[in-house]
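Heads up, the thing below is written out as structure tokens.
To find a chain, count down the sequence lines: A is the first, B the second, and so on, and within it residues start at 1.
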Amino acid sequence: MGCCPADAAVALAGGDLSPEAAARARRAAELDAALRETRPGVALLQLIAPGMKCGGCVASLERGLKAVPGVLSARANLTAKRLTVELDPKKARALDVADAAEKLGFETWPLEAADAADAAEKRETRDLLMRVGVAGFATMNVMLLSVSVWSGADGVTRDLMHWISGLIAVPAVAYAGRPFFASAAASLKARRLNMDCPISLAIILATLISLSEVLRSGPEAYFDAAIMLTFLLLVGRYLDRLMRARARSAASALARLQPRGATVLTADGPTWRPLEEIAPGAAVLVAPGERVAVDGEVVEGASDVDCALVTGETTPEAVAPGATVRAGALNLSGALTLRATAVGEQSSLGEIQRLMAEAESRKSRVARLADQAARIYAPVIHLVGLATFLWWLSAGADWRTAAFTAIAVLIITCPCALGLAAPMAQATAAGALFRRGVMLKDGAALERLALVDRVVFDKTGTLTAGRPVLRRPDDLHAAAAAAALAARSRHPLAAALAAWAQGAGLAIPRAEQVAERPGFGVEGLVDGAPAKLGRAAWVGAAEDAAAEEATAVWLRLGEAAPVAFLFDDAPRADAAETIAALRGDGLSVEILSGDRAGPVAALARRLGVESWRAGATPEEKIAHVAALSQAGGKVLMVGDGVNDAPALAAASVSMAPAAGADVGRAAADMVFFGEALAPVAEARATAVRTRRIILQNFAIAGGYNLIAVPLAMMGYASPLVAAVAMSTSSLLVVANALRLQAAPTQPAPSALAEAPA
Amino acid sequence: MSNLLFLIPAALFLGGLGLAAFIWSLKSGQYDDLDGAAERILHEDDDAGDDGR
């Protein structure tokens, strides 16, 4: 096809560089950049393999990669979905490893060696686990010593026990309690009270009063309470962190699915350049099937581009020299050469990111449940402590006894269960959601999701599967002829037509001399008659009304009148049920799309949604969501495209399908996997249950205090009572939170799908 | 009283041993891949003498 201008551009660019070879060369360069030499002759390669799902995958990957010549060791990490491969750079290339993984059925992406944030994250998690371990060790030993004191040790023996307890507990509290002290100090500096303030106060006071008791050989030391409080709360903190780390590692795996660069035409032929190094005016090559990385003007070539992720339009747009193309569009049929017009902050993507940052900064942060509870709880217990002190003084006790009792009140009203109540419930809920294909970025999003009263859906790629499906044609003979031509094209509409014909069992005639005309369609001889399949104008047909609601492709066979084939962007299989479920939950549902009014209205009718808006630009989407929030609404935004990203950031809480644009995924609070829309309703149901359980947990913790506080105020709060109250209320709270693990509904099909072992 | 002088150090020593074992396991990456480790045991491996990192 040397006549095609696009082919000429590629030929000019680098001899016989086919799109496949260019993509491969680029991949090799990306992979080699991720190689890091650890010792002479040994290089370390880290890859992300999101497809890894079970032990079978781990075993087959490790065995398969070790069989590659030059690979020294291979280790798969199932939790982080990562592969760590050591290879001899002289004998093997990074591309060999990636190819071997691909042959086993796993797509891989290189993990940049200089992922500093990731390393720091891992170090902090380990650091926290170390504190949990130290606190656990100290708790066990101090408890052991305390038991002997409670069972009747007195005199010198009791003093000895107290001294040893103190020697273990004081350094352990100082080391293990630092996360709480640091957070409380930061919150006080900002003139706010968070949960860590009463926690830190209780821990520090318990330690100090116990030290003073030991120094004067007193009978009651609260070292066990102080260290146990620290230990239990650290466990809650660790769970919270583990949940977020897990979501983050899955998110970073997704973020790397799209290459951040493009093939640029330079003096030495086409080379792959990262996005930051592409200047305006550079000639950028875009192969068919590739996403456009920069905004640009078409210089050479003709093709169809799919802007579904950029604008939400479902119908591919034909482009020819002079047309502008925006970053994020998918090039479908022909090779294009673009002149980059704007890169970085000036590009349309940069504009989207600016809108997102603005939305983020304007978003009012809803206080988290635990902090809300702390704001009421902390002043109350501090006042109760003060009241106890004054009451005992006025009753004639010396100031020491009065202070001791007041501090005992503060210890026994242990915010321990309160500190565990929210993180434990959220970590359990996040784990349950993760197994059902919803990735949660942090626990606060669940709290916001529970309060939502309105759901705004994007259309293309969110409510719909983002893939065209052929409407049943009347003329099956024409359909068979069209399928014969369509089978030779990679255009998604052609692929849908061919797939439908195959599924319907049509006898497909022979097609000869088939040639693709990028931007127009396919032509050739079907059963000896000249045939054209493509755009209306090219085929010689007049657009008619039916094309308003659907995308049309026309066939002209011989001299017969042109026949139209209509395609719908079919909704996800469970879209109607999900919307019904959300409605049944008392939420109002609306559609906000960038697509034309016809298809949006058709889909809204089909799904039974009355409120819809079409043709919305990113600015209009964000304005709409902001207006809803201003009117007091709490909006859940569900969208996948680049154009949805600012609205996702502006909404009270947001979800994006994993197959969407990376900016959208980055902006969303939750990402869901798979073909089903059900995860949206499931996440909402789980959020509501989580909120209920957190409130129950607060009630349990509060109920304990109703019994314990009067006892403590009367001076009966011995260290034994404190220890028992603390551990039972914590156990109850944890057990209650674990109820979230049970599935409320049937698990989504995506969670049931097992990878081939 | 005198047996306490023997028992308390013994208890602390054993507890310390547990702590040391925990710190070792943390440093050697035993907690890095909890899901994978659970699955790994179900698969018979030809090269069982893997370095076990």
Say you draw a straight line from CE of A/M130 to CG of B/L26; how long is it, rounded to the nearest 0.5 Å?
5.0 Å
Return the minimal non-hydrogen interatomic distance between B/L12 and A/F137, and the atom names on each side.
O-CE1, 4.5 Å
Using 0.5 Å steps for rounding, measure from the CE atom of A/M140 to the CG atom of B/L19.
8.5 Å
Quick one: what part of A/L129 sits under 4.5 Å from any heavy atom of chain B, side chain, backbone, both or neither?
both
Compare every heavy atom of A/R126 with every heavy atom of B/K27, then report the nearest pair and how far apart it is.
O-NH1, 3.7 Å
So, for A/M161 and B/I8, which heavy atoms are closest and what is the spacing to 0.1 Å?
SD-CD1, 4.1 Å
Taking side chain as C-beta onward, heavy atoms only, is A/V134 less than 4.5 Å from B/F22?
no
For residues B/A11 and A/N141, report the shortest heavy-atom separation together with the two atoms involved.
O-OD1, 3.8 Å
